[in-house]
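Before any comments, here is the structure.
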Amino acid sequence: MDFGIFTFGELTRDTSASPGALTRSARQRTEETIQLAKLADQAGLDVVGIGEHHRHDFAFSAPEVVLAAIARETERIRLTTAVAVLSTADPARVFEQFATLDIVSGGRAEILAGRGVFPESFPLFGYDPADYDALFEDKLELLLQMREHADVTWPPAHNGESPSRPRAHHALHDAAISPRPVQERLPIWRGVGGTPSSFVRAGQAGVPLFLALLSGHQHFVRLVELYRTAGAQAGHAPSSLRVGTGSHFFAARTSQEARDTFYPHYARYIEQNMPRPAGEFPREHFDAWAGPGGGLLVGSPAQITERILATHEALGTDRFMAQVGLGTLPFAETASSIELLATEIVPAVKKAIAE
């Protein structure tokens, strides 16, 4: 099992001040993220992820650029998206960018591709949100073809049949996909929400699966079973059917300290930066989310260790990624939380799994 951090680089306003000024500029958030990635690398974490959004309250619309900057400041940590919004991107450009990142980083790049829950990229890049699902499925298939072949014809013929014109990309004939990455097969994960068909398709394609646990893991047991069953029926080895999870995260020495410190900053994130901001986020809702059965990992190292192990046991997870730095949380608090993840939580989880 490997462990990491990720961030969307949100730009959140401090509503306790008037008139609610931003706590960071995009430049400050980017520099802090690079420093947190360096900390994670030095502390021995395995992976860092950068999200993609196209709106004023997020700093990162080009995760590959931020990851390239991180690559030059780190030595071993793997570099991924969280997620790349493939539905509104050109798969050839995505692959070439991440192949280049793989070269720059010495073979540390990954792609976590998803449909995205924020709709802003569709009008920005000239796509119809009604094609949300078809766009992603076609583009993911093409992206996987580009991973396997340096020259690609699209769409491919299936079972000797003439290919039909794809919905998501113009036709290609022996198109050169260059450069090629350092890794023999660039890792490509599929990010999913809660749609059963997405789990089945991920299994059929034999790609690793990543799910954001905004609710408790118990809601995903059957869906992960669907994924593994579909993968086995398609002939994929169990070792290729990896499962990763991500959660909103904050650790402190005690549960009370963690909750009291994190709540006001997290509440601003929920109120301002979610796809559909829900208005005021009361403390009792926060405590319920952070309690048993909830998806919010906030507490002491021992509590968070127990929660990660419960998810691992229920879902057979291979990766855990903590979404860090949420809302207006100060840099020092985020750094301390990452240190606890690396030095106390990860060793405890690994020891328990080994035993």
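Residues take their numbers from the sequence shown, with the count starting at 1. The shown structure was predicted, so the numbers you read here are calculated from the model rather than taken from an experiment.
Annotation: salt bridge (Lys or Arg N to Asp or Glu O under 4.0 Å) contacts of E73 (sequence neighbours excluded): K38. Shown here are the ring-ring contact (aromatic ring centres under 6.0 Å, His included) partners of F6, two or more places apart in sequence or in another chain: F8. Looking at residues two or more places apart in sequence or on another chain, you find a ring-ring contact (aromatic ring centres under 6.0 Å, His included) between F125 and H54.
A salt bridge links D260 and R283; the closest N-O separation between the charged side-chain nitrogens and carboxylate oxygens is under 4.0 Å. In summary, E10 and R268 do not engage in a salt bridge, as defined by a charged side-chain N under 4.0 Å from a carboxylate O. Of the charged side-chain nitrogens involved, none lies within less than 4.0 Å of a carboxylate oxygen, so that R78 and D46 do not count as a salt-bridged pair. Ion pair R201/D133 flagged as a salt bridge, since at least one NZ, NE, NH1 or NH2 atom sits closer than 4.0 Å to an Asp/Glu carboxylate oxygen.
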Verdict with reasoning, L36 to I338, per side-chain contact (heavy atoms from CB on, under 4.5 Å): CA-CA 8 Å; L36 292 173; I338 293 171; 3.8 Å; yes

Evaluation steps, side chain to side chain donor-acceptor pair (under 3.5 Å), between Q303 and S255: CA-CA 8 Å; Q303 288 175 316; S255 173; 3.3 Å; yes

CA sep, side-chain torsions, deciding dist, call: L341, V346, side-chain contact (heavy atoms from CB on, under 4.5 Å): CA-CA 6 Å; L341 173 65; V346 170; 4.1 Å; yes

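Between W289 and Y263, the ring centre distance reaches or exceeds 6.0 Å.
Note on ring orientation: taking the six-membered ring where Trp is involved, the planes of F250 and F262 are parallel (angle under 30°, cut-offs 30° and 60°).
In the displayed structure, R253 atom CZ is contacted under 6.0 Å by at most 12 heavy atoms of other residues, nucleotides or ligands.
The backbone N or O of V47 sits nowhere less than 3.5 Å from a side-chain atom of R319 that would complete a donor-acceptor pair. Between the side chain of T81 and the main chain of L112, a donor-acceptor pair closer than 3.5 Å is present.
Applying the ring-ring contact (aromatic ring centres under 6.0 Å, His included) test to residues at least two apart or on different chains, none of the pairs has a partner in residues 312-331. Listed by first and then second residue, the salt bridge (charged side-chain N to carboxylate O under 4.0 Å, His left out) pairs involving residues 221-250 are D2-R242, R222-E225 (not counting sequence neighbours). Applying the ring-ring contact (aromatic ring centres under 6.0 Å, His included) rule to pairs touching residues 96-121 yields H53-F118, F58-F118, sequence neighbours excluded.
Scanning all heavy atoms of the two residues, the minimum distance from F95 to P181 falls at CZ-CD, 3.9 Å.
In the model, E32 has no side-chain atom that pairs as donor or acceptor with a side-chain atom of Q28 under 3.5 Å.
Relative to the ring axis of Y132, R115 does not place its NZ or CZ within 45° and under 6.0 Å from the centre.
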